[in-house]
Each structure stands twice: as structure tokens, then as C-alpha cells.
> 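Pasting a structure here, questions to come.
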Amino acid sequence: MTEQHIDPELRRLEEIELLESKGINPYPYSFEKTHNSSEILNNFDDENPANFASVSIAGRIMSFRRMGKATFCHILDQTGKIQLYFKKDEIGDDYDNLKLYDIGDIIGVKGYVFRTKMGEISIHVQTQELLSKSLKPLPVAKEEVDEAGNKIVHDAFTDKESRYRKRYIDLIVNSEIRDTFIKRAKIITTMRNFFDSRGWLEVETPILQPIYGGATARPFVSHHNALDIPLYLRIADELYLKRLIVGGFEGVYEISKNFRNEGMDKTHNPEFTSMEIYVAYKDYEWMMQLTEELINKICTEVNGSEKVTIGDSNISFALPFRRAKMFDLYKEYTGKDLKGLSRDELASAAKEMGIETDKTMSAMKILDLIFGEKVEHRLIEPTFVVDYPIEMSPLAKKHRTEDGLVERFELFVNGSEIANCFSELNDPRDQRARLEEQARIRADGDDEAMVVDEDFLNALEIGMPPTAGLGVGIDRLVMLMTGETSIRDVLFFPQMRPEKVKKAEQNENG
RNA sequence: GACCUCGUAGCUCAGUCGGUAGAGCACUUGACUUUUAAUCAAGUGGCCGCAGGUUCGAAUCCUGCCGGGGUCACCA
């Protein structure tokens, strides 16, 4: 061996060849595990080491401390890290093979559990085998535990771009982020159980849609070759789920990926997950109660308490949540009663609040703007905002007592919306008029306004029972429950701009 | 889309007034049979995001581009 620089990948390839020449398969087919690392760490009893006299465990090598004829290393499995101890006297020739292993390799070992002089529960290895050889170095950080027992990570892999683009590496070297995704799965499972236990049906509806609807948003457009038609990636599943209520199901829900061709930031990814549920013979009052029960249940299941901490905010999901009428909130946070004001009166009210408006803005748009500027970010504790202006909600049913309003609520927590619900509009005459109004707005240049879906109207004409519908933004709910402030940290693979193609490749194509 | 900001070794970062690049860790070689940020000794490693410009000379100054992060706009 020379002391010259050898490319780490080439060196690892050489190691593989060396192993193969010794008859060792660097990529064998299976390994019999008896334990996870956490099972050992949590249950090892110094008084009864015989309980762990023979364990077999597998994982990725995360560190090495080689000391001549003895070696310590840590391996990482799905439940965490555990230390291994290898002794030349014990494993003989295998000890030489150990020198051909690197950080990143996956190995399986058998041995007995003991506690080292320094007090760490470890596995005294009796036999070992390579399960997968890694060819590329990992950006592993060194970890230290201080006197208070706090973990200090030195030079951690923190570059957000690399972490998002190479999530598999991030999950290895910053393995604590797994917890976020485990919580995410648990949130969805809890939600599913909550609905299933009430007898509602989980369904699937088209992602590729010839006519998109159910929300105001710009869609992604695709094209079907055989039919030679444009197809749109769904922006919401509302209209299809309502068709199923028309068809006679009394409770349907879907956990769906939706796609919106809009800007990206820390709360928006082009594809995102939402849950929509529709229950027949119910209204939004009933759904409000169900929603707070659901959110409360999710929080206690996932966090073991009704409270979460996000930044400086401590948020309690204790029941019941606050309920506030939309126009009362305007009064509370702006000091002005905006109810029943004309478009121009709203514009001048906005001006007094220091909010810029222009002539193209509708009354609805101005109200929305004021809400966004003055109210929304102040709704930290869970708050149901109730009863919205009709213009803002073309799929919601007119309020039973209040003119100009619809029966709708949105749930705000920590200054952002996480759920939206209406008493669903089931009067086909009213629905047609509202969609036609949307089409007019669209014709005037608002490409986010809805399009008329004749088949959906036909379904309503067949007849839909009174129905309550709810949508929950799953990504934002996960952010809330995990204390993450960027949607990219609750998605395994957030959308990223592709990296630049290399100059040479560009020239070939150009 | 606009603005601000960042991009230097595999990772985390220094790099002064413009004088052709440095640390720690990782990696390689050697020593070391209970270590733990193991230690000790010696070494390898860079198109300073890319392309131009200014200059005798550019990681450093200027312009454009690429990518990230942030703020705003749009939105859930």
C-alpha cells in the first residue's frame, strides 16, 4: 500500500474484490435478526445478562474506533444506534476482514450483550458477516455526550439542499428526522381509524381529470395520447366525492395527493396531501364537533398530550376549540364592523388600515386581504372561523339565517388554516348559478376561478342529501404536530429545481 | 415572478487591503485487546458553483447564468 491518495470509491471497490477473492459475498441474500437495537438498550438488565446471552442484530456502520486487536463501532438500525465490540482473540480471521469494512457498510452480527467499563450497553460480537458493502462515503458527523447527558453533534450534515435532494442520506446521518415521518404516518393512521371506526368508507377517485374542480387553483395539464385530450391533475377531490354521496354512500373519505401549479415556499409544495370527508345528513355544526374531536385525538395519540410547542407558541388542543364568526373577528382585530359594507366602503376601510387595494379587486378579494393581513396570523390557539361571505365559497350552502353568508368554517391554528368545511350546497339550481358566476369571473381573466362541470351538476340534479364536507391539509397538520416550520421537512422528497446539467451534456444536446 | 442573501476539500467552516488556498473531522499508512468527538505519529485530498469582464495578478472587485435559503406576491 502506498500513502498516495486513492479515490475512496476506488478503494472500496478494491476492498470488495479482496473480499470476493476470500470467498465472501459482499451482497448476500438475507440475515436472521433476533433484536432491534432499542429492544436491547431498553431491556438489558445488568443483574440478568443471560437474557441477552445470544442476540443477532443488523445495521449500518456509523463509526469506528479501531484499537489494534480490538475494535468498537456503532451500527444504526431502524430503532437507533448500538455499540459493537470486536476482539481479535474471539473472531480470529474475521478480524482481518473487519479491516475491509467502512462506515456505511451494512453488517449483521451475533453475540452477547454486556456493559463496557465506560458504562455503555454493547454487543460482544462472536460472529459477523457483511450484508451490503457501501461504495460511497457518508457525511457522518461525530457525536459527543456531555456531562449532562446531552448529545452534541459536531459538524452535522446540515446543508438543506443536499438533505432534501438526497433524503436517503439525510435519514441515515440525521436519523432523528425519522421521528417526524413516523409521526406523519401515525397521524394518517389515527385519522383513518377515526373514520373507519365510524363506518365511513375510504375511497379512491381520479387523479387525472378531464375537468378539474373543487377549489380555486391553477392545475397541471397533461395529455392522454389515445384519447387525444388534455387531462388535468386534480386540485381537489371534492366533486368526485360528492358524486359518491349522490350514489348512496353516506360517508366517504379520501386521503389524496393534490397538485397545484403555483408558487412554492415553506408552506406550499406543488403536490400535497389532503384529506376530504363527506357525511350525508349532517351539517357544518356537526362537522365542527367532529373536527375538534379528530384533531384532539390526533394530538394526544401522536404527542401523548393535548399540547404542542411550535417556536414560542404553546398550543393547546383541549376541547372545545374557540368558535368565532368571521365578521366578529374583523371587529375584534380591526375595530371595524365590515358586515354589509359595499365594495367601495370596504376599499376605504382597508385604506384606513393601511392595506393597499386597487380597482380590480372585488369585495370578496378585499375582505380576504384584510383577513390575511389583520386576523389570520393572530389566530394561534385553535379557532373555528365561522360563516363566510357567499362570494368566497361557490360550493357551500347558503346560511340558514344570515343573508349573504354561507355555512362554512375554517380551522386556524398557529396563524394558518388547517381545515375547511361547509354544509355542502345541494340545490342544483343555486349550484349552477354559482358555477356560472365563476365562469364569468374566469372569462374576465381570473384563471383560478372554477370551470362549470356539467356532470357534477347532473349529479346534484339527481339529488344529493344534505351533506357536511371537510378538508384537512395533512402536510400542515403534520407541521403543526411535529413543530416543523417548513413543509419540506415533513415531506420525504420535496420538489426541488433540477440541478444544472453539466456543460458537456448541454453541448451534446445543443 | 420580484427583492435580499449564500455557494471554498467528502462534512462543518476560516480565508485580512486583490498577490494562484487553510483548519477540524472524514480518508490512507503505522502504533494500540473495554474505546466512545478514542489517542499518538505521518500523509493524501481543491477548476474556490459556472461563464465572462476589470487587473501585471481574482476565492476576493464587476456582470450574467445555475442552484439553495429567506422575505414578498400567489395560494392550501
Side-chain angles (χ1 to χ4, degrees), chain A residues 1-12 14 62-74 81 83-91 95 99 102-104 114-120 122 124 136-146 151-165 169 173-174 214-218 235-236 258-274 356 365 368-369 372 410 412 416-420 446-448 471-477 479 485-488 494 496-503 506:
Chain A
M1 285 269 189
T2 66
E3 288 194 0
Q4 279 171 358
H5 177 67
I6 306 167
D7 185 303
E9 291 177 43
L10 289 178
R11 187 182 55 73
R12 287 174 184 224
E14 285 171 9
M62 297 302 287
S63 65
F64 263 121
R65 285 177 296 285
R66 302 184 201 255
M67 309 172 50
K69 296 182 183 66
T71 292
F72 289 88
C73 76
H74 276 94
K81 286 180 195 169
Q83 181 169 256
L84 307 182
Y85 173 58
F86 299 88
K87 202 171 160 187
K88 181 161 181 155
D89 291 349
E90 202 111 2
I91 60 173
Y95 197 84
K99 290 177 184 160
D102 290 288
I103 288 173
F114 75 113
R115 191 182 287 274
T116 65
K117 275 186 190 165
M118 301 301 286
E120 180 165 347
S122 307
H124 189 120
K136 295 201 168 175
L138 284 173
V140 282
K142 290 228 170 182
E143 289 175 9
E144 178 184 16
V145 179
D146 70 10
K151 194 167 93 170
I152 302 167
V153 181
H154 298 271
D155 302 333
F157 179 57
T158 54
D159 181 72
K160 284 193 181 254
E161 181 177 357
S162 311
R163 292 181 59 196
Y164 296 147
R165 288 189 197 279
I169 293 175
V173 302
N174 295 315
T216 52
R218 272 190 292 270
I235 57 172
N258 295 345
F259 307 84
R260 298 193 185 172
N261 206 341
E262 286 159 355
M264 294 160 60
D265 58 32
K266 60 198 299 191
T267 57
H268 297 84
N269 194 64
E271 62 180 287
F272 63 101
T273 307
S274 71
E356 291 294 318
K365 180 87 192 165
D368 209 19
L369 207 60
E410 291 187 299
F412 286 84
S416 77
E417 183 208 327
I418 65 160
N420 182 21
D446 183 349
D447 58 356
E448 289 186 3
V472 177
I474 299 293
D475 306 296
R476 292 193 182 168
L477 182 62
M479 288 168 68
T485 55
S486 171
I487 196 170
R488 294 181 197 115
M496 300 291 280
R497 196 181 290 271
E499 290 173 283
K500 195 171 72 169
V501 268
K502 290 205 177 78
K503 197 70 195 261
Q506 263 180 346

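Convention: sequence-line order gives letters A, B, ...; per-chain numbering from 1.
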> Just the atom pairs and distances: protein N or O near nucleotides 3-11 of chain B's N or O, under 3.5 Å.
unit_1, atom_1, unit_2, atom_2, d
B:rC11, O2', A:D155, O, 3.1

> Do side-chain atoms of A:N174 reach the backbone of A:F157 as a donor and acceptor pair under 3.5 angstrom?
yes
> Are any protein N/O atoms closer than 3.5 Å to N/O atoms in nucleotides 33-36 of chain B? If there are, list each pair with its distance.
unit_1, atom_1, unit_2, atom_2, d
B:rU33, OP2, A:K69, N, 3.4
B:rU33, N3, A:D89, OD1, 3.2
B:rU33, N3, A:D89, OD2, 2.8
B:rU33, O4, A:D89, OD1, 2.1
B:rU33, O4, A:D89, OD2, 2.9
B:rU34, O2', A:K117, NZ, 3.4
B:rU34, O2, A:K117, N, 2.8
B:rU35, O2, A:R65, NE, 2.7
B:rU35, O2, A:R65, NH2, 3.3
B:rU35, O2, A:Q83, OE1, 3.3
B:rU35, N3, A:Q83, OE1, 2.9
B:rU35, N3, A:Q83, NE2, 3.0
B:rU35, O4, A:Q83, NE2, 2.6
B:rU35, O4, A:T116, OG1, 2.7
B:rU36, O4', A:R65, NE, 3.2
B:rU36, O2, A:E120, OE1, 2.9
B:rU36, N3, A:E120, OE1, 2.8
B:rU36, O4, A:T116, OG1, 3.1

> Please report the distance, rounded to the nearest Å, between CG in A:L369 and P in B:rC72.
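After rounding, the gap between these two atoms is 14 Å.
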> To the nearest Å, how far apart are A:R497 CZ and B:rG69 P?
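Roughly 10 Å, once rounded to whole Å.
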> On a whole-Å scale, what distance lies between the P atoms belonging to B:rU16 and B:rC4?
24 Å
> For the pair A:D7 (side chain) and A:E9 (backbone), establish whether a donor and an acceptor sit closer than 3.5 Å, ignoring hydrogens and angles.
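Yes; judged by distance alone, with no hydrogens or angles, the pair exists.
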> Within this structure, what is the CZ-CG distance for the pair A:R488 and A:N269, rounded to the nearest 0.5 Å?
8.0 Å
> Does A:S63 have a side-chain nitrogen or oxygen under 4.0 Å from the phosphate oxygens OP1 or OP2 of B:rA26?
no
> Applying side chain to side chain contact (heavy atoms under 4.5 Å, CB included) to A:K142 and A:D155, what does each step give before you reach the verdict?
CA-CA 7 Å; A:K142 290 228 170 182; A:D155 302 333; over 6 Å; no
> Does A:K266 reach a base, just sugar-phosphate, or nothing at all? Heavy atoms under 4.0 Å.
sugar-phosphate
> Dot-bracket for RNA chain B, please. Rules: Watson-Crick or G-U, both distances under 3.5 Å, ( ) within the strand, [ ] when a pair crosses earlier ones, | for another strand, . otherwise.
(((((((..((((.....[..)))).(((((.......))))).....(((((..]....))))))))))))....
> Of all heavy-atom pairs between A:R476 and A:I418, which one has the smallest distance, and what is that distance?
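Shortest heavy-atom contact: CB-CG2, 4.2 Å.
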> Quick one: do A:D475 and A:T273 satisfy side chain to side chain contact (heavy atoms under 4.5 Å, CB included)? Show the steps, please.
CA-CA 6 Å; A:D475 306 296; A:T273 307; 4.1 Å; yes
> List the residues meeting salt bridge (charged side-chain N to carboxylate O under 4.0 Å, His left out) with A:E144, not counting sequence neighbours, and say none if there are none.
none
> Taking atom C1' of B:rA38 as reference, at what distance in whole Å does atom CD1 of A:I152 sit?
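Between C1' of B:rA38 and CD1 of A:I152: 16 Å.
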> Figure out the CD/P separation between A:E262 and B:rC72, and round it to whole Å.
18 Å
> Between B:rG67 and B:rC74, how far is it from one P atom to the other, in whole Å?
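The answer is 25 Å between these two P atoms.
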> Are any of A:R66's side-chain N or O atoms less than 4.0 Å away from OP1 or OP2 of B:rA31?
no
> At under 4.0 Å between heavy atoms, what does A:T216 touch on the DNA or RNA strands: base, sugar-phosphate, or nothing?
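Sugar-phosphate, no base atom in range.
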> Just checking A:N261: base, sugar-phosphate only, or nothing, at a heavy-atom cut-off of under 4.0 Å?
nothing
> Do A:H124 and A:E90 get their side chains close enough for a donor-acceptor pair, meaning under 3.5 Å?
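There is such a pair (donor and acceptor under 3.5 Å, judged by atom type) between the side chains of A:H124 and A:E90.
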> Whole angstrom is fine here: how far is it from NZ in A:K99 over to C1' in B:rA31?
12 Å
> Rounded to whole angstrom units, what separation is found between the CE atom of A:M62 and the P atom of B:rC25?
19 Å
> Which pair of heavy atoms, one from A:A236 and one from A:A215, lies closest together, and at what distance?
CB-CB, 4.0 Å
> With rounding to whole Å, what would you report as the distance between B:rG57 and B:rG43 at their P atoms?
36 Å
> Could you tell me whether the side chain of A:R218 and the main chain of A:E262 form a donor-acceptor pair under 3.5 Å?
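Side chain of A:R218 to backbone of A:E262, a donor-acceptor pair under 3.5 Å: no, none is there.
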> Rounded to whole angstroms, how far apart are CE on A:M264 and P on B:rA73?
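It works out to 18 Å between those atoms.
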> Looking at B:rG69, I'd like to know if its phosphate oxygens (OP1 or OP2) sit under 4.0 Å from a side-chain N or O belonging to A:R488.
yes
> Scan A:I103 against the nucleic acid and name what it touches under 4.0 Å (heavy atoms): base, sugar-phosphate only, or nothing.
sugar-phosphate
> Expressed in whole Å, how much space separates the C1' atoms belonging to B:rA21 and B:rC13?
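Looking at atom C1' only, B:rA21 and B:rC13 are 14 Å apart.
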> Taking B:rA76 as the reference, what is the distance to B:rA14 when you measure between their P atoms (whole Å, please)?
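Comparing P positions in B:rA14 and B:rA76 gives a spacing of 40 Å.
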> Would you measure the distance from the C1' atom in B:rC62 across to the matching atom in B:rA26 and give it in whole Å?
37 Å
> Could you measure between the two C1' atoms, the one in B:rU35 and the one in B:rA42, and give it in whole Å?
23 Å
> Could you list the residues that satisfy salt bridge (charged side-chain N to carboxylate O under 4.0 Å, His left out) with A:R65, not counting sequence neighbours?
none
> Could you tell me which residues satisfy salt bridge (charged side-chain N to carboxylate O under 4.0 Å, His left out) with A:E161, sequence neighbours excluded, listed by chain and number?
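Partners of A:E161 by the salt bridge (charged side-chain N to carboxylate O under 4.0 Å, His left out) criterion, ordered by chain and then number, come out as A:R165.
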> Please report the distance, rounded to the nearest Å, between CG in A:D368 and C1' in B:rA73.
14 Å
> Roughly how far apart, to the nearest Å, are B:rG69 and B:rG30 at atom P?
43 Å
> Give a yes or no answer on whether the side chain of A:N258 reaches the backbone of A:F272 with a donor-acceptor pair at less than 3.5 Å.
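Pair absent, no side-chain N/O of A:N258 close to backbone of A:F272.
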